[in-house]
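One structure is given here, and the rest of the page talks about it.
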There are 2 protein chains.
Amino acid sequence: MSPDDLTYTRGMGRWEPGARERLREAALELFTERGFEQTMVADIAQRAGVTARTFFRYFADKREVLFDGSADLAKQVQNVVETMPPTASALDVVAAVLDAVAQLAGDDRDRARARQAVITANTDLRERELIKQAALTAALTEVLRQRGIGNIEASLAAETGSAVFRVAFNQWGDATENRDLRDVIRETLTRLRILAAAE
Amino acid sequence: MSPDDLTYTRGMGRWEPGARERLREAALELFTERGFEQTMVADIAQRAGVTARTFFRYFADKREVLFDGSADLAKQVQNVVETMPPTASALDVVAAVLDAVAQLAGDDRDRARARQAVITANTDLRERELIKQAALTAALTEVLRQRGIGNIEASLAAETGSAVFRVAFNQWGDATENRDLRDVIRETLTRLRILAAAE
DNA sequence: TAGCGTGATGTCACCTGGTGACATCGGGGG
DNA sequence: CCCCCGATGTCACCAGGTGACATCACGCTA
């Protein structure tokens, strides 16, 4: 729409620039309109003004178009952890990372909900989402280990943190929920402490 | 091998019975020999003595042949939880479920390692594994809710339990590890308590 | 014993996702 | 002014997956 107008009018090359963004938008629109399976790559490409072959030059497969930029998250994790004092406990680091991720993932509630609706409606997309989360968890585990935390300790902290994030993110997506994602995460973390302490 | 002999010699129909089992075995063999991507469905079918079309009558897709029977797990979860006293806490129930799953998943270490090697080597299979775990987690969440545990509490307990299982299962797969899976799980659960209690 | 229905399988045509190889074309630098 | 380069199009092709229909042995029944 509005961003499109800009890129369109100042098109000066052989092809309109911003193909990647157009593909992203077209895909989200079509997935929302007809669903993931009912949308063919050729449809997305056509709406974006390119061919299917070009789609696959930007995205490894049909699903990936919904997860563009998730590689940036790993770098963010790296950055956040580097700014933590060496005295911070594993769980402190994890909490900080969750907070940072929440800022990126939770800034636009409506867009997040729309995207999530598409993902939840399709098993293949759920699979892709899960492995992206797993990749992030692995990255977190790795940076924790680099801080001298033991193997098991590191993966346990990372996996637990991811669990907390998933639960909080889900809750945050609820229609009745209106708190900031970071607040929900903090509350969930507290709940976990209570849960684990009970005995 | 030995079970095959039986079904083979008493083959009395137009086709040898046990096509499903033959397909499972053929698939695992071929995946181990050449890897998942290098194995075509037609290859598996041929080794099992059927056509590719028949493969897809037994398994929804090429990956599913490695996860046959994972639906039984959900029923097991259901059974285990039903035998728990109503006074048991959420974490008690989760611990019991992990114990039960460990018995099924951890009885044959060598076979488990072989299967896991195949899965770990391929992203698509990793995705499928993750969503199977997620399904199990969802089932656990559901039974917890049916016991009157609150929404968030239930999913948090289930997700955390899954996290513990993943970490423990990983550790159990290590070459240097020789304890029973259930012992590793118990230890990991203890570690989690310590981690969460730390301040 | 001659059908007859049935279920598991084979066959075939077809669609879609995905890839490699090569052609094309416009812009920017020499 | 020309040539190189990068982004795109075109085309042929492969593998996963599905629907429709044919086939055939088995067991049941008249």
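Basis for what follows: all heavy atoms, side chains included, without hydrogens, waters or symmetry-related copies. Convention: sequence-line order gives letters A, B, ...; per-chain numbering from 1. Being a predicted model, the structure only gives us computed values, none of them experimental.
- Among the heavy atoms of the strands lying under 4.0 Å from A60(B) are primed sugar atoms or P, OP1, OP2 only; no base atom is included.
- One can find a donor-acceptor pair under 3.5 Å joining the base of dG20(C) and the side-chain atoms of R53(A).
- Contact check on E129(A) versus K132(A) returns no salt bridge, with no Lys/Arg side-chain nitrogen under 4.0 Å from an Asp/Glu carboxylate oxygen.
- Side-chain proximity of V41(B) to the nucleotides dT9(C), dT10(D), dG16(D) is greatest for dG16(D).
- The phosphate of dA7(D) (OP1 or OP2) has no side-chain N or O of Y58(A) nearer than 4.0 angstrom.
- Between the CD atom of Q46(B) and the C1' atom of dA15(D) there is a distance of 16 Å, rounded to whole Å.
- Nucleotide dG17(D) holds its C1' atom 12 Å from the CZ atom of R63(B), rounded to whole Å.
- Salt bridge annotation for R186(B)-D99(B): present, with a cationic side-chain nitrogen under 4.0 angstrom from a carboxylate oxygen.
- Across the protein-nucleic acid pair, E37(B) atom CD and dG18(C) atom P stand 12 Å apart, rounded to whole Å.
- If you measure from atom CG of D61(A) to atom C1' of dA15(D), you get 15 Å, rounded to the nearest angstrom.
- Whole-Å rounding puts the F56(A) CZ to dA7(D) C1' distance at 18 Å.
- Nucleic acid contact for A52(A): none, since no nucleic acid atom lies under 4.0 Å from a heavy atom of the residue.
- Rounded to a whole Å, the CZ atom of R20(A) is 11 Å from the P atom of dT8(D).
- A salt bridge links E177(A) with R179(A): the closest approach of a Lys/Arg side-chain nitrogen to an acidic carboxylate oxygen falls below 4.0 angstrom.
- dG16(D) atom C1' lies 16 Å from atom CZ of F59(B), rounded to whole Å.
- Between F165(A) and F169(A), the angle of the ring planes stays under 30°, which puts this pair in the parallel group of the 30/60° scheme.
- Closest approach to the M40(A) side chain among dG9(D), dT11(C), dT16(C) is made by dT16(C) (side chain taken as heavy atoms from C-beta onward).
- The interatomic distance linking D43(A) (CG) with dC15(C) (P) rounds to 15 Å, in whole Å.
- In this model, a side-chain donor or acceptor of R57(A) finds a partner on the base of dG9(D) within 3.5 Å.
- In the set dG16(D), dG17(C), dT9(C), the nucleotide with an atom closest to the side chain of K62(A) is dG17(C).
- OP1 or OP2 of dG9(D) sits under 4.0 Å from a side-chain N or O of T54(A).
- Classification of E127(A) and R63(B) as a salt-bridged pair holds, one side-chain N sitting under 4.0 Å from a carboxylate O.
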